[in-house]
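Chain naming here is simple, since letters A, B, ... match the order of the sequence lines and numbering starts at 1 in each. Bear in mind that the values here come from a model prediction, so they are computed numbers and not experimental data.
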Protein chains: 2
Amino acid sequence: MSVNYLSLCFGYLQALTELPATEPIDKAVQILEGAMQEFLTHGYAATSMDRVAAAAGVSKATVYSHFGDKEGLFEALVKRLAQQKFLHLTTLDCWHEEPRHSLPQLITNALQHVLCDPEHLAFIRLIIGESGRFPKLAQIFVQNLSKPGIELMSQYLAKHPQLNIADPEATARIIIGAVVYFVQIQEMLHGQEIVPMEPERLINAITDLVITHQSPQAASI
Amino acid sequence: MSVNYLSLCFGYLQALTELPATEPIDKAVQILEGAMQEFLTHGYAATSMDRVAAAAGVSKATVYSHFGDKEGLFEALVKRLAQQKFLHLTTLDCWHEEPRHSLPQLITNALQHVLCDPEHLAFIRLIIGESGRFPKLAQIFVQNLSKPGIELMSQYLAKHPQLNIADPEATARIIIGAVVYFVQIQEMLHGQEIVPMEPERLINAITDLVITHQSPQAASI
DNA sequence: GTCTATAGATCGATAGAC
DNA sequence: GTCTATCGATCTATAGAC
């Protein structure tokens with residue numbers, strides 16, 4: 001087929017298929033979109049392949065022909081989400097500034113990113129909830145998201161020697177853990193009204209702990 | 001391991017007391033024991049009332065007559081577990097010693113308690129995994145476990161003025177968050193071999209951060 | 001109160017037409 | 001490759017005997 005022929009027929013084909021059908025949408029991606037909606041909302045066990053097919057706009061047999069069975073579809077979805085959410089980690093700047101200003105900004109960005117992304121929240125819920133029955137998928141999550149996050153924060157701490165951090169990796173886990181725990185209690189477990197706390201208080205406390213820190217040698221007179 | 005030994009002894013004593021069973025065990029408790037085994041292993045959706053009845057040693061109709069429906073049974077189980085696990089929080093001592101020695105001991109105890117209790121781990125998995133569909137149960141978890149934990153650590157920090165903690169509650173969340181995040185990555189998400197770290201490194205880093213901390217006034221020359 | 005037996009719906013997965 | 005139609009298993013919940 002020539003380009004000219006496609007151009008002439010474009011309007012006609014569009015009217016027939018009701019889609020901008022210059023290129024057919026990849027069915028696999030289409031299915032994964034529907035699977036994401038269902039799995040993130042209902043979890044693994046409560047998600048039916050019928051509803052996945054309906055949400056994706058295809059037949060159930062098409063889903064099975066692409067992904068084998070329910071577990072295969074679930075694994076493909078988790079791997080896709082782990083890659084998608086990884087990209088949102090690399091958007092960090094302000095490394096050159098002083099920690100006094102850059103650290104709270106770093107934490108604020110991370111907090112806002114997770115708090116404003118219900119999809120990310122539902123993904124973590126799903127991974128933790130199924131980590132007992134799908135340990136391999138939990139490890140993919142750790143490999144693609146937790147590990148890069150820890151390494152990034154660890155490098156940040158190590159490249160600011162004035163902070164006197166003896167163990168950057170362990171300290172990175174403390175900072176990230178504080179943020180993750182805050183999100184889990186306030187948002188994931190709906191503890192906002194039971195143990196209320198403004199994010200600023202946590203950010204200030206973390207910054208204060210890390211900034212006004214002395215080396216053990218200097219502390220023990 | 002002393003924990004395993006205690007568990008073995010407890011099971012033995014329990015078996016002994018079951019022998020002179022002149023009085024039948026409460027059916028409701030019996031059902032909840034079976035429900036716990038099934039829900040903690042398979043999650044909410046993948047747990048069938050047939051297997052709960054079989055695990056409890058009663059008929060399915062008996063389960064329904066006691067708890068109404070599947071959700072009612074699940075709610076009763078979560079409330080029972082939230083009360084049971086609360087008791088394990090109050091076993092803390094060594095408040096009088098110096099933080100330099102009592103703080104790492106406090107953290108070590110908390111870590112060992114969770115790491116050596118797969119039931120507790122599975123309970124957290126279940127609560128987080130179902131927190132989107134059962135927000136009320138997640139709030140019960142926060143009310144009975146997270147909130148007391150934060151308050152306990154907050155009081156500990158406040159009663160050691162030499163630590164110069166400006167915001168004890170926020171700092172308590174940092175410490176607990178670091179421990180919870182460590183357990184979640186290493187054990188719950190099976191990240192032991194992907195991001196290995198000895199618990200001692202985390203404990204030392206936390207202790208170092210908190211102990212060698214100066215008040216903001218003293219830090220800014 | 002507790003049981004057996006079963007209804008009615010929905011599940012994962014597949015065969016066969018096109 | 002994608003569809004419709006369907007199978008056998010399993011699910012929640014209940015009716016009725018004891």
Side-chain angles (χ1 to χ4, degrees), chain A residues 1 13-14 16-78 126 129-130 132-134 136-137, chain B residues 18 21-78 126 129-130 133-134 136-137:
Chain A
M1 257 184 221
L13 289 173
Q14 198 175 27
L16 271 184
T17 59
E18 300 183 45
L19 282 172
T22 54
E23 203 170 346
I25 302 177
D26 188 1
K27 274 276 164 57
V29 174
Q30 191 176 339
I31 294 170
L32 285 173
E33 301 275 357
M36 181 178 68
Q37 175 186 319
E38 293 301 314
F39 279 121
L40 288 186
T41 305
H42 305 100
Y44 177 78
T47 289
S48 74
M49 297 296 268
D50 286 81
R51 281 204 308 271
V52 168
V58 300
S59 77
K60 196 161 58 168
T62 303
V63 178
Y64 277 95
S65 75
H66 274 82
F67 297 97
D69 57 4
K70 191 179 178 182
E71 284 195 15
L73 175 62
F74 187 56
E75 290 178 15
L77 171 69
V78 170
L126 185 64
E130 302 297 338
R133 294 169 288 276
F134 295 94
K136 294 277 175 60
L137 299 185
Chain B
E18 284 176 4
T22 56
E23 204 169 346
I25 303 176
D26 188 2
K27 273 277 165 55
V29 173
Q30 190 176 340
I31 293 171
L32 286 173
E33 300 275 357
M36 181 177 68
Q37 175 186 319
E38 293 300 314
F39 279 123
L40 288 185
T41 306
H42 304 101
Y44 176 78
T47 289
S48 74
M49 297 296 266
D50 287 80
R51 280 204 308 271
V52 168
V58 300
S59 77
K60 197 163 57 171
T62 303
V63 178
Y64 277 96
S65 75
H66 275 82
F67 298 97
D69 57 6
K70 191 181 179 182
E71 283 196 15
L73 174 62
F74 187 56
E75 290 178 16
L77 171 68
V78 170
L126 185 65
E130 301 297 338
R133 293 168 289 277
F134 296 94
K136 294 276 175 59
L137 299 185

Value in whole Å for how far the C1' atom of C:dG12 lies from CZ of A:Arg51
13 Å
Pairing residues for B:Tyr64 by the ring-ring contact (aromatic ring centres under 6.0 Å, His included) criterion, not counting sequence neighbours:
none
Got a sec, which residues hit ring-ring contact (aromatic ring centres under 6.0 Å, His included) with A:Phe67, two or more places apart in sequence or on another chain?
none
Check this one for me: any side-chain N or O of B:Thr62 less than 4.0 Å away from OP1 or OP2 of C:dT2?
no
How close do A:Ala56 and A:Gln30 get, counting heavy atoms only, and between which atoms?
O-NE2, 2.9 Å
Which letters describe nucleotides 13-18 of chain D, given B = protein heavy atom under 4.0 Å from base, S = only from sugar-phosphate, - = neither?
BBB---
In whole angstrom, give the distance that lies between atom CD of B:Gln30 and atom C1' of C:dT2.
12 Å
Sequence neighbours excluded, the answer for side chain to side chain donor-acceptor pair (under 3.5 Å) partners of A:Ser48 is none
Apply salt bridge (charged side-chain N to carboxylate O under 4.0 Å, His left out) to B:Lys60 and list each qualifying residue two or more places apart in sequence or on a separate chain.
B:Asp50
Candidate nucleotides D:dT12, D:dT2, C:dT2, ranked by approach to the side chain of B:Ser48 - the nearest:
D:dT12
For C:dT2, does OP1 or OP2 lie under 4.0 Å from any side-chain N or O of B:His66?
yes
Tell me every residue that passes side chain to side chain contact (heavy atoms under 4.5 Å, CB included) with A:Ser59, counting only those two or more places apart in sequence or in another chain.
A:Ala61, A:Thr62
For B:Glu130, enumerate each residue passing the side chain to side chain contact (heavy atoms under 4.5 Å, CB included) test, keeping only those at least two apart in sequence or located in another chain.
B:Tyr44, B:Phe74, B:Leu126, B:Arg133, B:Phe134
A:Glu33: which residues meet the salt bridge (charged side-chain N to carboxylate O under 4.0 Å, His left out) condition with it, sequence neighbours left out?
A:Arg80
Heavy atoms within less than 4.0 Å of DNA chain C: which residues of residues 31-46 of chain A have one? Give them sorted by number.
none
